[in-house]
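Structure record follows, encoded as structure tokens.
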Amino acid sequence: TRTPVNVTVTGAAGQIGYALLFRIASGQLLGADVPVKLNLLEIPQGLKAAEGTAMELDDCAFPLLQGIDITDDPNVAFNGANVALLVGARPRTKGMERGDLLEANGGIFKPQGKAINDHAADDIKVLVVGNPANTNALIAQAAAPDVPAERFTAMTRLDHNRALSQLSKKTGVPVSEISKLTIWGNHSATQYPDVFHAEVAGKNAAEVLNDEQWLADTFIPTVAKRGAAIIEARGASSAASAANAAIDHVYTWVNGTPAGDWTSAGVVSDGSYGVAEGLISSFPVTAKDGKFEIVQGLDINDFSRARIDASVKELEEERDAVRGLGLI
Ligand code: NAX
């Protein structure tokens with residue numbers, strides 16, 4: 001039998017954790033034939049709830065689940081990790097300035113990055129979900145100099161899936177017939193969902209829509225502010241859809257993108273499309289043989305250029321702030 005893949009999940013007792021762990025254990029993260037071992041990292045106050053979730057995981061009797069360990073020590077949680085899902089983060093609380101938020105999260109993601117550097121398996125793949133996801137990923141990556149930088153990614157797949165769904169509703173074409181959509185930039189309100197290269201049932205999406213006003217005034221803000229709309233409606237932030245996107249992100253990373261399509265992920269910039277090298281920014285990416293690659297050579301029109309630049313500028317400001325705090 002295959003040796004199990006070690007999957008570490010931080011913030012395991014949170015609401016995304018609760019939506020995520022059962023799907024990992026059932027084989028949806030890596031494949032229906034891949035056994036997994038779960039390592040759950042929580043803060044001390046979260047350990048008991050994580051144990052309760054582990055009891056429920058036991059009670060599912062998942063054939064692929066080969067064990068569950070729970071700890072509040074990152075050095076233990078990341079020991080031998082092949083896949084790490086960094087979900088636990090410090091939320092913004094009332095009166096908190098952006099600098100305070102970045103500093104509080106630096107206190108989480110810097111030591112976790114170091115623990116990954118020192119203890120994870122050689123093939124470690126990291127997905128940061130906890131916000132501010134791109135900059136938390138940058139902090140963790142900078143703390144892990146022995147791990148190839150491209151192994152650190154940030155989640156914009158939820159934004160990508162939200163954009164797919166909105167485009168499907170508008171055009172009446174099922175999501176399965178929509179391809180080549182892109183989320184650019186930061187996982188924040190400045191993100192830019194780009195349909196100019198997307199195809200809807202084989203036709204260019206922007207030409208099918210033929211409505212820049214709708215893009216600017218409805219589509220882009222609906223996608224970018226969807227998280228707030230969910231909180232307003234549900235009384236709690238996106239959890240199942242966020243967990244679903246994390247599953248999609250890692251599954252795609254490991255198993256590849258379909259021919260003729262791409263997806264969106266926050267990956268380390270190589271300078272493509274004028275995005276400063278080293279930033280963890282969302283790009284159109286393909287995945288093959290366990291590696292993401294930024295799709296090259298797309299024409300960027302003025303409408304897109306201004307929006308990509310604005311989101312990247314925000315990422316640069318976050319990077320400069322965490323650099324000023326000594327976090328990278
Ligand atoms: P919850 O507050 O329900 O759960 C977070 C959990 O993390 C808690 O159990 C907490 O004890 C734990 N935690 C805190 N610090 C930790 C540490 N240092 N080590 C280990 N565990 C720690 O939040 P939830 O709704 O699950 O959201 C988790 C994160 O995902 C938040 O930062 C949220 O902003 C972010 N999101 C990111 C999204 C994305 O698309 N990238 C979308 C959904 C979500 O909003």
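For ligands, and for the atoms within them, numbers begin at 1 and follow the listed sequence.
With a 6.0 Å cutoff to the six-membered ring centre and a 45° limit on the axis angle, R307 counts as a cation-pi contact of F303.
No hydrogens or angles considered: nothing links the side chains of N136 and N131 as a donor-acceptor pair under 3.5 Å.
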Could you check T156 against Q191 for side-chain hydrogen bond (donor to acceptor under 3.5 Å, both in side chains), going step by step and ending with a plain yes or no? CA-CA 9 Å; T156 54; Q191 66 175 267; over 6 Å; no
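Listed by first and then second residue, the salt bridge (Lys or Arg N to Asp or Glu O under 4.0 Å) pairs that reach into residues 211-237 come to none, sequence neighbours excluded. Applying the salt bridge (Lys or Arg N to Asp or Glu O under 4.0 Å) test to every pair with at least one member in residues 159-188, sequence neighbours left out, gives these pairs: D159-R162, K180-E199. Applying the ring pair (Phe, Tyr, Trp, His ring centres under 6.0 Å) definition to pairs two or more places apart or across chains, those involving residues 238-265 are H249-W253, H249-F292, W253-F292.
Closer than 4.0 angstrom to ligand 1 by heavy atom are G11, A13, G14, Q15, I16, L41, E42, I43, V87, G88, A89, I108, Q112, V129, G130, N131, M155, L158, H187, S237, S238, A242, sorted by chain and number.
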